[in-house]
Amino acid sequence: MENLTLTRPDDWHLHLRDGAALKAVLPHTVRQFARAIVMPNLKPPVRSVAEAEAYRDRILAAIPPGQPFEPLMTLYLTDNTSPEEIVAAQATPFIKAVKYYPAGATTNSDLGVTDIRRCDRVFEAMQEVDLPLLLHGEVTDGDIDVFDREKVFIEKHLIPLKERFPKLRIVLEHITTSDAVEFVRSADRVAATITPQHLLFSRNILFKGGIRPHFYCLPILKREEHRLAILQAATSGNPKFFLGTDSAPHGRDSKETSCGCAGCYSALHAMELYAEAFESVDALDKLEAFASFHGPDFYQLPRNTDQITLTKTTWRIPDELPFLDSGLVPLRSGEEITWQMV
Ligand code: NCD
Ligand code: ZN
């Protein structure tokens, strides 16, 4: 049997939710990953050091006994975040970054930033104390085509932001376009996370044989040429690109409805999905650095020392997992996958 043994990976972009949902999904992440950057888009969002500490305690309490896992917390940036909160965050060992959502861009982003220039005092403080800024890099203007929102964000907001704060460390999260790849490659102190769905699928999957809500996430899947560009970036060995699943659980009833939520669930089988993507371009030898080295290096954290093993064997991804009242449909549910973490 073919085995692939890797340094244990970390997930640098993850939604864990709270309460019963947190308890349902956390064991999947803990099985594969040692650490995760936990997104702050709860209802209400995690906006202060005190809220991040309380959320971290709830996560720690939900970890299955005896399994080591380290949640790395983030603060949700709003129009009202103060530079003082940034200094306090930097002094808190478990807070690793601040997350920017444009108001209204995605799930639970109502309290996000209305105009990025309003946050310049906060970015100044972040640059000063060297606390990374994580970007949901999409504009929200209704008159911009949904498939162009990442590209326009880069041109209109990110390039000027980088000019104003050249030393600020930035992660452009869940990149989906060749434009993002190009920007990240050329910009100093900028990295990017890449999800399994954006490596494996183009936007065609959204309409294959009918409308398929479980492939709908934000930023939305793009054309094949963009998928190929991010697959090339992920498998290039360039340390600016690393793993971030953006696993984002929503119950079946809130996905399969007239106005369904954005988010794909991949925590169950994330490493298997990434292995398939890397294998598709004969780059399995690049998976370990992408999944286990580039992230901690960017965040200036030690690399993990234990290992995981994936075996070449075919299994069927479940149709549904237990989750609240309505079940959770994992990415590529019901389909076969050719790697399995043992
Ligand atoms: C995320 C969620 O559900 O919280 N959804 C998604 O489609 N990625 C929010 C986000 O990261 O945009
Ligand atoms: Zn996300």
Side-chain angles (χ1 to χ4, degrees), residues 10-19 21-22 24-26 28-29 33 36-46 55 59 71-77 96-113 132-140 146-147 149-150 153 170-177 180 191-201 203 205-206 212-222 230 242-257 259-267 270 273 295 323-324 326 328-331:
D10 305 297
D11 186 347
W12 300 98
H13 182 125
L14 176 66
H15 299 270
L16 283 174
R17 313 303 191 208
D18 211 343
L22 165 65
V25 299
L26 184 59
H28 296 150
T29 290
F33 299 103
I37 286 276
V38 180
M39 288 297 127
N41 63 329
L42 302 182
K43 259 182 176 167
V46 178
Y55 184 31
I59 296 168
L72 307 172
M73 308 309 290
T74 59
L75 294 191
Y76 182 109
L77 187 64
K96 296 298 176 201
V98 173
K99 178 68 190 274
Y100 163 89
Y101 290 101
T106 186
T107 307
N108 299 349
S109 61
D110 311 352
L111 295 176
V113 174
L133 174 65
L134 314 184
L135 296 174
H136 184 110
E138 288 194 289
V139 294
T140 50
V146 68
F147 293 98
R149 288 180 186 176
E150 183 174 275
F153 178 87
I170 293 176
V171 183
L172 188 52
E173 299 283 344
H174 39 51
I175 59 167
T176 64
T177 59
T193 53
I194 300 181
T195 77
Q197 63 268 26
H198 293 105
L199 291 176
L200 289 166
F201 305 110
R203 64 192 195 177
I205 194 80
L206 288 165
R212 303 183 62 175
H214 300 289
F215 290 92
Y216 172 56
C217 69
L218 287 170
I220 197 160
L221 296 168
K222 304 295 192 300
I230 64 164
F242 48 84
L243 184 157
T245 62
D246 196 19
S247 180
H250 292 277
R252 184 191 278 274
D253 56 358
S254 48
K255 294 284 293 176
E256 299 176 10
T257 175
C259 188
C261 295
C264 296
Y265 188 68
S266 61
L273 293 164
F323 184 78
L324 308 179
S326 77
L328 176 60
V329 179
L331 187 65

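Note that the structure is predicted; figures quoted are calculated from it, not measured. Start at 1 and go down the list; that is how both ligands and their atoms are numbered. Position 1 is the first residue of the sequence, and the numbers go up from there.
- With respect to I37, the side-chain contact (heavy atoms from CB on, under 4.5 Å) criterion is satisfied by exactly one of T193, L14, L134: L134.
- Separation of atoms CD (E173) and CG (D246) is listed at 8.0 Å; rounding is to 0.5 Å.
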Verify side-chain contact (heavy atoms from CB on, under 4.5 Å) between T177 and F147, making sure each step is shown before the conclusion. CA-CA 9 Å; T177 59; F147 293 98; over 6 Å; no

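- For ligand 1, the 4.0 Å heavy-atom shell contains residues H13, H15, R17, N41, T106, T107, H136, H174, C217, L218, D246, A248, H250, A262, G263.
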Take L218 and E138 through the test side-chain contact (heavy atoms from CB on, under 4.5 Å) and record every step on the way to the result. CA-CA 9 Å; L218 287 170; E138 288 194 289; 4.1 Å; yes

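- A distance of 3.5 Å separates OG1 in T245 from CG in D11, rounded to the nearest 0.5 Å.
- For the Zn ion (ligand 2), protein N/O/S neighbours under 2.8 Å (waters excluded) are H13 NE2, H15 NE2, D246 OD1.
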Evaluate side-chain contact (heavy atoms from CB on, under 4.5 Å) for Q197 paired with L331, printing each intermediate quantity in order. CA-CA 8 Å; Q197 63 268 26; L331 187 65; 3.9 Å; yes

Run the side-chain contact (heavy atoms from CB on, under 4.5 Å) test on Y55 and L16 for me, step by step, so that the C-alpha distance in whole Å, both residues' side-chain angles and the decisive distance to 0.1 Å come before the verdict. CA-CA 10 Å; Y55 184 31; L16 283 174; 3.7 Å; yes

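- Y76 meets the ring pair (Phe, Tyr, Trp, His ring centres under 6.0 Å) test with Y101; sequence neighbours excluded.
- Taking the ring pair (Phe, Tyr, Trp, His ring centres under 6.0 Å) definition, one finds that H174 meets it with H13, H136, sequence neighbours left out.
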